[in-house]
There are 2 protein chains.
Amino acid sequence: MSPAEQPQPPRPVDVRRPTLNAVAARAGVGRGTVSRVINGSPKVSDRSRAAVERAIAELGYVPNRAARSLATRRTDSVALVVPDAESRLFAEPYFSEIILGVSAGLSSAGMQLLLVLTGDETEYGRLAGYLAAQRVDGVLLMAVHAEDTLPDRLAELAVPTVLAGRRGEAERLGHVRADNRGGARLAVRHLLAGGRRAVATITGPLDMDAARARLDGYRDALRDAGVPVAEELIAAGDFTEQGGRAAMRELLRRRPDLDAVFAASDVMASGAVQELRAAGRRIPGDVALVGFDDSIVARHIDPPLTSVRQPLAEMGRTMASLLLEEIAQRGTGQRGVVLPTELVVRESA
Amino acid sequence: MSPAEQPQPPRPVDVRRPTLNAVAARAGVGRGTVSRVINGSPKVSDRSRAAVERAIAELGYVPNRAARSLATRRTDSVALVVPDAESRLFAEPYFSEIILGVSAGLSSAGMQLLLVLTGDETEYGRLAGYLAAQRVDGVLLMAVHAEDTLPDRLAELAVPTVLAGRRGEAERLGHVRADNRGGARLAVRHLLAGGRRAVATITGPLDMDAARARLDGYRDALRDAGVPVAEELIAAGDFTEQGGRAAMRELLRRRPDLDAVFAASDVMASGAVQELRAAGRRIPGDVALVGFDDSIVARHIDPPLTSVRQPLAEMGRTMASLLLEEIAQRGTGQRGVVLPTELVVRESA
DNA sequence: TCACCCCGTGGGACCGCTCCCACGCGGCAT
DNA sequence: ATGCCGCGTGGGAGCGGTCCCACGGGGTGA
């Protein structure tokens, strides 16, 4: 039987790319020299450098990442972890825009971005070991809750980590967050400045620092204005539209006389709008409304929603640079960075 | 000078993790056997397998990915490429939801997801070589335009590739898309069924297949109903809100008597709403409106927008599985997969 | 002139895994 | 008893880089 007759096994198409060895041979130098050129070492003569660079260009050589990271024990890549429970939020600009910033910040440093969307709880539990074993150089962690222990486990494993938001006041790990408290304060001050006095708030889940901070800001603004804080004007939501509706309904029941609402997220505000409408209140005529996030829904809701903007892309970039610092020099990165928020005034308040 | 006195260089914290060798030693077997167990080879005795598994558990061993991929010439990771020009769309669920599906489809196969957001044109140009050199096992490409050559270059380099959407009817590469034409047809049929006769359309950029297909569907529906297609009822948009406004304005100028609009995206529909409102038309009283994408804005616009839904998460999952097939067995993956769209009726039509 | 230094350089020894070849051993047919 | 087969196994040889040590040669000072 001639070899041509037997059925060809699906031979693995491996288009071999040129190796560092090939470059060295072509340039007429040793491997070490090529490596030095690639890594920008100064101790290479101009002659050799030129020869190597020419060979690289001619062969279209690009170093093999796996080989390099095996030798260096670095991967030049970081993981961005988004817990699945939160992935509903993925539909909002929040994550997307942070990711955009992160990507920009990383790629300028030649780092790769590994996107890790975790499934169920158990998967999330295995994550620490997994991430350490993959030898990503660092981890960016989104949407951490107060009781989350993943960050600590990563710290134990000496994996540089930066959080989006902190778990609480005592956060020891590097993190980046918006000035939630200040933003909320701006929002409520704006409502008060509009002459409103019965200002309610719909909070986020209070096991998240951002939600607590926004509630604190609400209290701050009332205190600043000498308006007493009435507990029955505070209703708990969960950052979802449904939660916003339920909270708004509850607030209307408790205090039919309320004349303003600060919702700790636009999505909850959108739920509140529906409920207010159902109750026959006009916005902003009867009830003024301010949201938080300045997300895409804020612009498209009717009436367009006054909202607190956080600089998401910049937060992403900052996270990236904090992480890069920490990777380059452990224990160096700043602990917490707070970025300013601003009030975007539209028609709802 | 004693060594203790010189300033400590920032010693690289390298927490050595157990290697395959360590596992072999502990289990009292050879490296080959451990490797076989890890890779699920059947030719291992139960005794050895048990011993190895125990050792792995005790040491908390996880294989080093770099070493493995150096040896196998695989990376077990794929790149998801999102051209930056389109990243404004990133704010919409479109990308996010596809990514969610992709991630689900990949992680069940133990594959990693590398997110690559390209910056400017030149960066995009370098991408093919870059991706081939990184030895990602495959590439998922979003938002390809008709004249895009990146897919072809990847094909030349023998990198398995799957596109989200096709470049044109003659697409040779594997891709997944929604039934844009059918969806548009549904939308326009719905408008006609509502008694509308002067049905306009705002198209997307016609260098994208999805935009052309939606325009074709619009024509189909009119033809089905025996309504002649009037070219002045067709205005070009570009999938942006601004573009939608401009197109709507133009349409109102050309045909003040129009009584329905099919916008090829929700975002453009939202622009159209603003323009219609400014012109004093009521929706759907004077003008009925249908969008495309069923994005988050569709639900929050006033009035809530009737829109065509595409199964984004499923598209993502399908892209993942097509790519995995193609990676496992070159030339095997189905060329093009079309997923059904459906009309979500709300109040705008 | 000679010892010394330093600069640029080549190449050996890894990094941790997979692949594959060769070997030992027990069971079966002869 | 003897040969043979085949299963399970150990371990050598890469994969393609980096790191570092040792070495040659030109310049400098004595």
Side-chain angles (χ1 to χ4, degrees), chain A residues 9 11-12 14-53 55-56 59-77 110 132-135 137, chain B residues 9 11-12 14-53 55-56 59-77 110 132-135 137:
Chain A
R11 55 177 181 145
D14 74 334
V15 187
R16 296 264 176 138
R17 314 201 95 251
T19 70
L20 178 139
N21 250 316
V23 175
R26 175 153 199 141
V29 300
R31 291 173 7 252
T33 301
V34 177
S35 177
R36 263 164 245 143
V37 170
I38 289 169
N39 296 294
S41 156
K43 15 181 60 184
V44 179
S45 68
D46 292 347
R47 231 180 62 75
S48 303
R49 183 183 307 280
V52 169
E53 276 164 355
I56 288 179
L59 294 167
Y61 169 75
V62 184
N64 179 318
R65 214 148 186 153
R68 174 179 280 176
S69 67
L70 182 57
T72 57
R73 317 176 142 277
R74 288 183 292 107
T75 59
D76 292 330
S77 68
Q134 290 317 300
R135 289 226 176 66
D137 296 342
Chain B
R11 53 171 185 150
D14 74 335
V15 187
R16 296 264 176 138
R17 314 201 95 251
T19 70
L20 178 139
N21 250 317
V23 175
R26 176 151 198 143
V29 301
R31 291 176 3 256
T33 302
V34 177
S35 178
R36 262 163 248 143
V37 170
I38 289 169
N39 295 295
S41 156
K43 15 182 62 185
V44 179
S45 68
D46 292 345
R47 230 178 63 73
S48 303
R49 181 180 309 280
V52 169
E53 276 164 355
I56 288 179
L59 294 166
Y61 169 76
V62 185
N64 179 319
R65 214 150 185 152
R68 173 180 282 178
S69 68
L70 183 56
T72 57
R73 316 173 142 278
R74 288 183 293 106
T75 58
D76 292 330
S77 67
Q134 291 317 301
R135 290 227 177 64
D137 296 342

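So that the names make sense, note that chain A is the first sequence line, chain B the second, and so on, each numbered from 1.
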[N] [atom2] sits how many Å from [X] [atom1], rounded?
X     : N      : atom1 : atom2 : value
B:N21 : C:dC15 : CG    : C1'   : 12 Å
A:R73 : C:dC17 : CZ    : C1'   : 13 Å
B:Y61 : C:dC17 : OH    : C1'   : 7 Å
A:D46 : C:dT9  : CG    : C1'   : 15 Å
A:R65 : C:dG16 : CZ    : P     : 20 Å
A:R17 : D:dC15 : CZ    : C1'   : 16 Å
A:L20 : D:dG14 : CG    : P     : 18 Å
B:R47 : D:dT9  : CZ    : P     : 8 Å

By nearest-heavy-atom nucleotide on DNA chain D, the more 5' of B:P42 and A:I38 is B:P42
Would you indicate, yes or no, if [N] has its OP1 or OP2 atom less than 4.0 angstrom from a side-chain nitrogen or oxygen of [X]?
X     : N      : answer
A:S35 : D:dT18 : yes
A:R68 : D:dT18 : yes
A:N39 : D:dT18 : yes
B:T72 : C:dC17 : no

Can you measure from [atom1] ([X]) to [atom2] ([Y]) and round to the nearest 0.5 angstrom?
X     : Y      : atom1 : atom2 : result
A:R36 : A:R49  : CZ    : CZ    : 10.5 Å
B:R26 : B:I56  : CZ    : CD1   : 12.0 Å
A:S69 : A:D137 : OG    : CG    : 8.5 Å

Compare all side-chain heavy atoms of B:V52 with those of B:V44 and state whether any distance is below 4.5 angstrom.
no
Less than 4.5 Å apart, side chain to side chain, heavy atoms only: is that true for B:N39 and B:R68?
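Answer yes - side chains close enough.
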Report each atom pair, protein N/O against N/O of nucleotides 11-13 of chain D, whose distance is under 3.5 angstrom.
{"residue": "D:dG12", "atom": "O6", "partner": "B:R31", "partner atom": "NH2", "Å": "2.8"}
{"residue": "D:dA13", "atom": "N6", "partner": "B:R31", "partner atom": "NH2", "Å": "2.9"}

For the side chain of [X], starting at C-beta, report the closest nucleotide among [options].
X     : options               : answer
A:L70 : D:dG17, C:dT9, C:dG16 : C:dG16
B:T19 : C:dC15, C:dG16, C:dT9 : C:dG16
A:S45 : C:dT9, D:dG16, C:dG16 : C:dT9
A:K43 : C:dG16, D:dT9, C:dG8  : C:dG8

Checking the side chain of B:R65 only, and the main-chain atoms of B:D76 only, is there a donor and an acceptor separated by less than 3.5 Å?
yes
I'd like to know if the side chain of A:S35 and the backbone of A:R31 have a donor-acceptor N/O pair within less than 3.5 Å.
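Absent.
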